[in-house]
Amino acid sequence: MAKRYFNWKLAIVLVIGVVVLGVTAFGLRQWQRAGRAERGLVLGNEAYEKADYQEAVKNLSRYLAVRKDDVPTLLKYADAQLNIRPLKASNIQQAVESYRTILRMDADNSEAAKLLTKVYLGMGMYGEAELIAKRQLQAQEDPGLRRMLALALAGQRQFNEAVAESKAILQEHPEQIAAYETLGQIIEQRPEDFPEPPVYWFNQAVENNPSSALAYIIRAGFYVRNRNKPNALADLEQAERQDLSDPAVRLRLAGAFIEANILDKAEQHLTAVQTASPEESGLWQSWAQLALQSRSQEKMLKIAETGLKEL
């Protein structure tokens with residue numbers, strides 16, 4: 001009977017062949033995946049620039065599935081999620097997770113910390129907002145983030161701490177108009193707990209920032225809430241004489257005119273914002289508010305149709 005021999009050379013060649021084939025297939029798969037990711041980045045950025053946020057999210061997510069450490073793209077992805085309309089809880093959660101991913105990689109990323117704090121404030125998660133704000137403020141000073149901290153404290157009914165934080169901001173940064181507003185509104189809600197009247201802080205905003213349209217706008221809001229329409233109108237007219245190049249400030253001005261029920265002025269400013277910055281956050285909510293305030297079915301229909309077309 002013939003003696004059989006195992007052909008080691010053939011076996012080794014076969015094993016090498018299988019390994020090479022496996023490595024090649026794996027490499028090809030990785031190359032294809034990387035190619036799809038890069039195409040996702042290009043298409044996602046293009047969609048984001050066009051304010052097509054649904055498409056931007058779809059494509060950027062393909063890229064981030066491969067490149068999870070790209071901080072600028074994570075920021076863009078989160079912003080796109082928050083700009084999708086109608087906004088859903090899942091969109092907010094995806095944005096939150098993106099910001100938290102950034103902070104896990106870079107705990108000192110101030111932009112992600114501020115944006116995450118803002119989202120938590122909007123969700124009414126004041127404890128989480130306080131935690132993120134305090135952690136970031138240990139790394140660097142940021143008056144805007146300190147104001148968010150004051151809001152988080154007020155949201156947890158820590159009013160004395162919130163007022164103290166706001167006053168400390170203004171001692172160092174008297175140009176922070178939003179801090180005057182936060183301080184004035186807290187005292188407005190609880191006048192019995194603090195010695196100075198709320199109007200004092202709105203006056204301080206104007207006195208320390210006489211060229212700021214926003215300073216006059218926030219004081220006008222105080223006057224509207226307290227049914228002092230002549231003073232409110234005087235402040236709004238003064239605000240119109242200041243620099244309104246920032247569309248967010250002009251949008252606030254339009255909102256103040258709506259609250260004062262001066263709708264023709266509000267419409268003028270909303271039209272200006274729509275012409276210059278049609279993608280401005282809150283524009284169409286303000287148009288909707290104006291339409292409801294007007295009680296004109298014709299205006300409601302026109303604004304609704306235009307808004308749907310633009311969005």
Side-chain angles (χ1 to χ4, degrees), residues 78 82 87 89 92-93 95-104 106-209 212 214-215 217-226 248 252 255-256 259 281-282:
L82 294 174
L87 184 64
I92 298 172
Q93 191 55 48
V96 166
E97 188 52 43
S98 296
Y99 294 138
R100 295 188 72 90
T101 297
I102 294 169
L103 292 173
R104 282 195 293 270
D106 178 11
D108 295 335
N109 190 299
S110 60
E111 186 176 2
K114 288 171 69 173
L115 291 168
L116 180 56
T117 302
K118 182 179 179 180
V119 172
Y120 278 144
L121 287 173
M123 295 169 68
M125 298 176 64
Y126 301 114
E128 292 292 335
E130 178 189 2
L131 180 66
I132 298 296
K134 282 185 172 178
R135 185 181 296 159
Q136 181 61 30
L137 287 168
Q138 290 175 353
Q140 66 182 100
E141 165 68 7
D142 187 315
L145 193 56
R146 288 178 67 184
R147 187 185 72 86
M148 291 187 203
L149 173 59
L151 290 172
L153 293 169
Q156 297 173 87
R157 304 187 65 79
Q158 299 177 39
F159 299 110
N160 290 330
E161 294 84 348
V163 165
E165 184 65 40
S166 299
K167 288 181 178 179
I169 295 169
L170 293 174
Q171 283 182 347
E172 301 170 32
H173 305 279
E175 77 286 355
Q176 290 292 312
I177 308 300
Y180 293 101
E181 184 175 31
T182 299
L183 187 51
Q185 287 182 348
I186 292 173
I187 296 174
E188 198 175 344
Q189 294 167 18
R190 304 182 67 82
E192 69 282 359
D193 293 343
F194 304 99
E196 65 273 19
V199 71
Y200 170 81
W201 293 105
F202 294 108
N203 288 337
Q204 285 290 296
V206 171
E207 289 174 19
N208 293 333
N209 302 275
S212 168
L214 189 57
I217 293 168
I218 67 167
R219 189 169 69 176
F222 168 79
Y223 286 135
V224 168
R225 290 191 296 275
N226 288 274
R252 280 291 304 265
E259 290 175 5
S281 175

Spatial distance of atom [atom1] ([X]) from atom [atom2] ([Y]) [nearest 0.5 Å]:
X      : Y      : atom1 : atom2 : result
Leu131 : Leu149 : CG    : CG    : 11.0 Å
Thr101 : Asp106 : OG1   : CG    : 12.5 Å
Glu172 : Glu175 : CD    : CD    : 10.5 Å
Tyr200 : Leu183 : OH    : CG    : 9.5 Å
Arg225 : Glu188 : CZ    : CD    : 4.0 Å

Which side-chain N or O atoms in residues 162-171 pair as donor and acceptor under 3.5 Å with protein atoms at least two apart or in another chain?
unit_1, atom_1, unit_2, atom_2, d
Glu165, OE2, Arg146, NE, 2.8
Glu165, OE2, Arg146, NH2, 3.4
Ser166, OG, Ala162, O, 3.0
Lys167, NZ, Glu196, OE2, 3.0

Exercise: identify the closest heavy-atom pair between [X] and [Y]:
X      : Y      : answer
Ala133 : Leu145 : O-CD2, 4.0 Å
Pro143 : His173 : CB-CD2, 3.7 Å
Ile217 : Ala256 : CG2-CB, 4.1 Å
Pro197 : Ile187 : C-CG2, 4.3 Å

Under the rule for ring-ring contact (aromatic ring centres under 6.0 Å, His included), what residues qualify as partners of Phe202, not counting sequence neighbours?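 Phe202: ring-ring contact (aromatic ring centres under 6.0 Å, His included) contacts with Phe222.
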Sequence neighbours excluded - side chain to side chain donor-acceptor pair (under 3.5 Å) pairs with any residue from residues 152-164: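 For residues 152-164: Glu130-Gln156.
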Which residues pass the side chain to side chain donor-acceptor pair (under 3.5 Å) test with [X], not counting sequence neighbours?
X      : result
Glu259 : none
Arg190 : Asp193
Asp108 : none
Gln204 : Glu207

If we only count heavy atoms from C-beta on, is the Asn209 to Tyr180 side-chain gap below 4.5 Å?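 Result yes, sub-4.5 Å side-chain heavy-atom pair found.
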Mind checking salt bridge (Lys or Arg N to Asp or Glu O under 4.0 Å) for Arg219 and listing every partner two or more places apart, or none if nothing turns up?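 Applying salt bridge (Lys or Arg N to Asp or Glu O under 4.0 Å) to Arg219 gives Asp235.
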For Ala112, enumerate each residue passing the side-chain contact (heavy atoms from CB on, under 4.5 Å) test, keeping only those at least two apart in sequence or located in another chain.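 side-chain contact (heavy atoms from CB on, under 4.5 Å) list for Ala112, sorted by chain: Leu75, Tyr99, Ile102, Leu103, Asn109.
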Who are the side-chain contact (heavy atoms from CB on, under 4.5 Å) partners of Ala107, not counting sequence neighbours?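 With neighbours one apart ignored, the set is empty.
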Side-chain donor-acceptor distances from residues 114-128 under 3.5 Å, at least two apart:
unit_1, atom_1, unit_2, atom_2, d
Lys114, NZ, Asp142, OD2, 3.4
Thr117, OG1, Ala113, O, 2.7
Tyr120, OH, Arg100, NH1, 2.9

Name all pairs fulfilling the salt bridge (Lys or Arg N to Asp or Glu O under 4.0 Å) condition that reach into residues 197-206, sequence neighbours left out, sorted by first residue then second.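 Listed once each, the pairs would be none.
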